[in-house]
Structure formats: structure tokens, C-alpha cells
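Predicted, not measured: the structure shown is a model, and the values here were computed from it. Position 1 is the first residue of the sequence; numbering continues from there.
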Amino acid sequence: MPNSTPKTMGQQFGRRSWAEPWKIKMVEPLNVISREEREKALIEAGFNTFLLRSEDVYIDLLTDSGTGAMSDRQWAGMMMGDEAYAGSRNFYHLESAVQNIYGYKHIVPTHQGRGAEHLISQAVIKKGQIVPGNMYFTTTRLHQELAGGTFYDVIIDEAHDPANMHPFKGNIDLDKVQALIDKHGAGNIAYISVAGTVNMAGGQPVSMANIKALRALCDKHGIKIYLDATRMMENAYFIQDREEGYANKSIAEILKEFCSYTDAAWMSAKKDNLVNIGGWLAVNDWTLFEELRNLVVVYEGLHTYGGLAGRDLEALAIGIEESVKDEHIRSRIGQVLYLGELLTNWNIPIVQPVGGHAIFLDAKAFYPHLKQIEFPAQTLAAELYLDSGIRSMERGIASAGRDPKTGDHYYPKLELTRLTIPRRVYTQAHMDVVAESVKAVYDARESTRGLKMVYEPKYLRFFQARFERL
Ligand SMILES: *Cc1c(COP(=O)(O)O)cnc(C)c1O
């Protein structure tokens, strides 16, 4: 095994190892079933890792969404839940945490990220408008489409090349935005949908220079910028690590500056904010806030709980405060980089540079003999599970879905299998086991057959689609 110091850590600390800024107080035993049992479980799940039972999984890297470990302070906060229907004190704690740390004025809690996406899409997108964004995200684009909008990808071209080492592959291509303004007119653009980091591009960050330049362009045309802040803490880390002038700024300072160039944000708190459930919307404009605060009572719950219990709001408020600490984010991303370095040293094709929350295996490069319609990334996820019981997620043609106008599959350039690292859950030894399993599957790649889809749900098909071996 290579040394445990990820490269970007090395710049800060020399070749000294880093370690998690916490110790373990409670453990949850893991279950390992035999290869024969995994084969059976996989067939029952239609070769879709979303349909496996968690009990049949050894190391669960399906997602980092809601799978993190809470701190003792958060658990203590759960006992301080004020379960009043209206005006719970935990709401006010959450409100001030978002105001202080992200810097927006008005807060609406929601049950999770897509609840927030639903409300903001319904509130601001007019039928026929377009929504430019730095690469689509599944639930985000769907809510934009359901509200009558059309999503246009305006991420820089480098983002579509898994080997390109651009340090900010999440950046928005301002020429692409300008071209859309010229073609459709600024009035037909609902807002610019900016995500930091960009999940579907491999957890790639947006630079401060880029968001500043986008702000200047949008100000010229009176266009709003809305931020998907789900992984903005991780984005802030990459700015600190890679962007000129930010090395001595704290994550908190960087985050606040970035958010200051945007008009509103939505959040899946199940990611950066270290809770198992929760989300929020934050806006600066009072009129928009009134509209959202009104809509939330229709779909989520009263505007001071938004579908969450008081205890959830409290755990979330504390989670926000913990997640912005430099030592937390450094060890969080350090673990991802560690796994990335192991795989890179073995020449296993992954999206470079390694992003904030996950390793993305390049399934097209893994299985050059498979056509995209034979679901290479889905195949790779199935093979990994068979090898070791590790659960990963397809982020390729199955996730991309179909064009609502033509009914054809979208054929995304990136065909990836995502190993997503939950926050504060697994140790470095688990990362070693994961790397070795990926290597075993890679070594057996030439004899691997693809899949065909035998059941396809209408919405977000990747969650429930079923496959069979070709
Ligand atoms: C997870 C996620 C969402 C959706 O949030 P949920 O809490 O899963 O509903 C939106 N945007 C991004 C970037 C995400 O990663």
C-alpha cells in the first residue's frame, strides 16, 4: 500500500500523515455474506445497486447522502428538540446558522434537497424559460423540467473529459452563457443554476474567479444566480487548496464570499451539513421568500419546520456549524484523495483530478468492449458488489434518462461508477479493502459482459430500473 498522505495534504504538512479530528464512541457491526449469496441478491435486485438490501452490503458507497455519522453534540441536540408545530426554537437556531455561515437573509427548511428544488423551480421558472447550469443533476433538472423549464449545460468542455487535469472543472463557460443570452434573450433565462461542487462531473469545483466573472456578466443582463449549495463546503476546500490568494483564508470565509455572489441557494443537508435528513432554501429577496414560505406549507409543512422534526432541525443547525470547520473538511476530502491515490498508483481509470465526495471510475475506459447501451457503469457497479459486497452507484446512461422531447436515451459523455464516501463513517482500512476490490474487478475486465434494461420506470429511472446479463 502507498503511504497514507494524499498529495494535496502533503503540500501543507510535508510527508506527515493526517488523521480524523475525532475518535469513535459507538460502533455498528458490518455484515459480510458469501459470494453465492451476493450473486443471488444481485439477481433479485435486477443488477441495480439501489434495489439491494442494505443488510446484504459490506461497505456501502452508494451515496454520501444522509449516510454520515452525527457527532455527540448533534445527538445531544436531538434530545433538545422543541416539537412545537409553530416557531420551534430549533428553527431559529437553524435560521441563524444558515445566516451566519452561508450569509443569506431568509431561510425555508425542507425535508431534503429535492423538496427545496421543487419549491424554487415552481416559484421562479416560467413555462418555456431556459435554465443554464454547470452540468445537470438528476433531481435538479427534473424539477426544472417539471416547472416548464429547459436545462442547458454551460459547464466548460474540460468537465466532459475524465482525464483532463483542469483544477476547476466545475467552472461555467461564460461564452456558452453569453451565446444563450444572445439567442434566447436575458428575459427568457429563469436563472443560472450553479452547483459547487459538480456531482455529475466527478465532484469538481467552481473557482472564485469564475463565480465572480459570472456575477459580473449576469449583473449586466439582470439575470439571477441560484446556487446548489449541497457540496459548497467541499468546493470551498478546493478553492483554499488550489486558487491563488485563498490559501490563508478559512473555509468559513471562502464559503461566505462565494455565496455572496449568488442570489439564493438550495441545500441537500444530507450531504455537507452532516445530518441523515434535511434540506433548506435560502434567499435574499423578500418577495421571493414570501412566495416560497407560502409554497412550503402546501408541499412540506409549516415554514418553521418544512417537513422536519424539531430534533432534526437542531441536529442540522449543529451539523452546519461542525461542517464549516477546516479540520473537518480537510480530513473528509483527505480520505477521498487517499482512495484516489491508491487507484491512480495502480493505473485504474478514474476521473481526474479526484473530487470532493467520491471516486468516479471511468467505466468506458474500464470496459472499452462494451457499447454505452450495454450499461458499462451499471455493469461495473454489479461486478464490484459481486467481488466484495461493496455497493457503488451508476452515473452514466441509466442515470441520464431520456430526452423528454424525442424519447431517446440521453448518451452522456461520462459513463461513470461512483464510489461515494460517507462522512465520518469508514476508516482508512476500509478504503484499502475498496481499492483492492476495484483492482480485482479491473483485472477481470476483459471477460465481463454487459447488461440490458428489462424494466424502466418513467421518472428518475436509475433508482428502480432492472437489468439482466447479456
Ligand atoms: C443530493 C443532491 C440533490 C438532491 O437532494 P436530496 O436531498 O437527495 O433530495 C441536489 N443537488 C445535488 C448536487 C445533490 O448532490
Salt bridge (Lys or Arg N to Asp or Glu O under 4.0 Å) between E321 and R73, worked out: CA-CA 11 Å; E321 291 155 5; R73 276 188 71 228; 3.7 Å; yes
Stepwise salt bridge (Lys or Arg N to Asp or Glu O under 4.0 Å) test for R469 and E39: CA-CA 12 Å; R469 261 206 196 99; E39 176 87 43; 3.4 Å; yes
Worked verdict on R35 versus L386 for side-chain contact (heavy atoms from CB on, under 4.5 Å): CA-CA 6 Å; R35 190 180 169 102; L386 259 188; 4.0 Å; yes
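A donor-acceptor pair is defined here as one N or O able to donate and one able to accept, closer than 3.5 Å; no such pair exists between the side chain of E234 and the backbone of I333. Remark: side-chain polar atoms of N134 are paired, donor with acceptor, to backbone N or O of G170 under 3.5 angstrom. With hydrogens and angles ignored, the 3.5 Å screen pairs a side-chain donor or acceptor of E415 with a backbone N or O of A377. Not a single donor-acceptor pair under 3.5 Å links the side chain of N48 to the backbone N or O of R466. When atom types are taken as modelled, the side chain of Q378 and the backbone of F47 share a donor-acceptor pair closer than 3.5 angstrom.
Between the side chains of Y136 and S193, no donor N or O sits under 3.5 Å from an acceptor N or O. For the residue pair T420 / R418, a side-chain donor-acceptor distance below 3.5 Å is found, with atom types taken as modelled. E20 and S331 share no side-chain donor-acceptor pair at under 3.5 Å. Between the side chains of T344 and Q352, at least one donor N or O sits under 3.5 Å from an acceptor N or O. A donor-acceptor contact under 3.5 angstrom links the side chains of Y338 and D432, judged on distance only. Side-chain polar atoms of H166 and N171 form no donor-acceptor pair below 3.5 angstrom. A side-chain donor from one of Y246 and E257 sits under 3.5 Å from a side-chain acceptor of the other.
Between K413 and D157 there is no salt bridge, since no side-chain nitrogen of the basic residue lies less than 4.0 Å from a carboxylate oxygen of the acidic one. Looking at E322 and R423, no side-chain N of the basic residue comes within less than 4.0 Å of a carboxylate O on the acidic one, giving no salt bridge. Electrostatic pairing of R391 and D60 counts as a salt bridge here, judged by a charged N lying under 4.0 Å from a carboxylate O. Between D161 and K169 there is no salt bridge, since no side-chain N of the basic residue sits under 4.0 Å from a carboxylate O of the acidic one. Using a 4.0 Å cut-off between a side-chain N of Lys or Arg and a carboxylate O of Asp or Glu, K249 and D326 do not qualify as a salt bridge.
Around NZ of K176, the count of heavy atoms belonging to other residues, nucleotides or ligands within 6.0 Å exceeds 12. Within 6.0 Å of CZ on F463 lie more than 12 heavy atoms contributed by other residues, nucleotides or ligands. Annotation for N248: atom CG does not count as buried by contact number, only 12 or fewer foreign heavy atoms lying within 6.0 Å. Heavy-atom contacts from other residues, nucleotides or ligands closer than 6.0 Å to CE of M165 number more than 12.
Aromatic rings from W280 and Y104 are positioned such that their centres are separated by 6.0 Å or more.
With D64 as reference, R332 is the one residue of K270, R332, K271 to meet the salt bridge (Lys or Arg N to Asp or Glu O under 4.0 Å) rule. The residue from Y261, F258, W266 that alone fulfils the side chain to side chain contact (heavy atoms under 4.5 Å, CB included) condition with L227 is F258. With F462 as the partner, the ring pair (Phe, Tyr, Trp, His ring centres under 6.0 Å) test is satisfied by one option alone out of F467, F375, Y410, F50: F50.
Taking both residues in full, the closest heavy atoms of T140 and E117 are given as OG1-OE2, 2.6 Å, listed atom of the first, atom of the second, then distance. The shortest heavy-atom contact between S437 and D387 is OG-OD2, 2.7 Å. I318 and Q74 get closest at one heavy-atom pair: CG2-CG, 3.7 Å.
Rounding to the nearest 0.5 Å places CG of D153 at 9.5 Å from CZ of R141. Between I101 atom CD1 and M232 atom CE the span is 13.5 Å, to the nearest 0.5 Å. The structure places CD of E394 at 9.0 Å from OG1 of T379, a figure rounded to the nearest 0.5 Å. The CD1 atom of I192 sits 8.0 Å away from the CD1 atom of I130 when rounded to the nearest 0.5 Å. We find the CD1-OG1 distance between I421 and T63 to be 11.0 Å, quoted to the nearest 0.5 Å. Expressed to the nearest 0.5 Å, how far CZ of R38 lies from CG of L52 amounts to 11.0 Å.
Screening residues 429-450 for ring-ring contact (aromatic ring centres under 6.0 Å, His included) gives F366-Y442, Y426-H430 as the qualifying pairs, with residues at least two apart or on separate chains.
For the pair R114 and F137, the cation-pi criterion (under 6.0 Å, within 45° of the ring axis) is not fulfilled.
For the pair Y455/P457, a side-chain contact is recorded, criterion being any heavy-atom separation below 4.5 Å from C-beta on.
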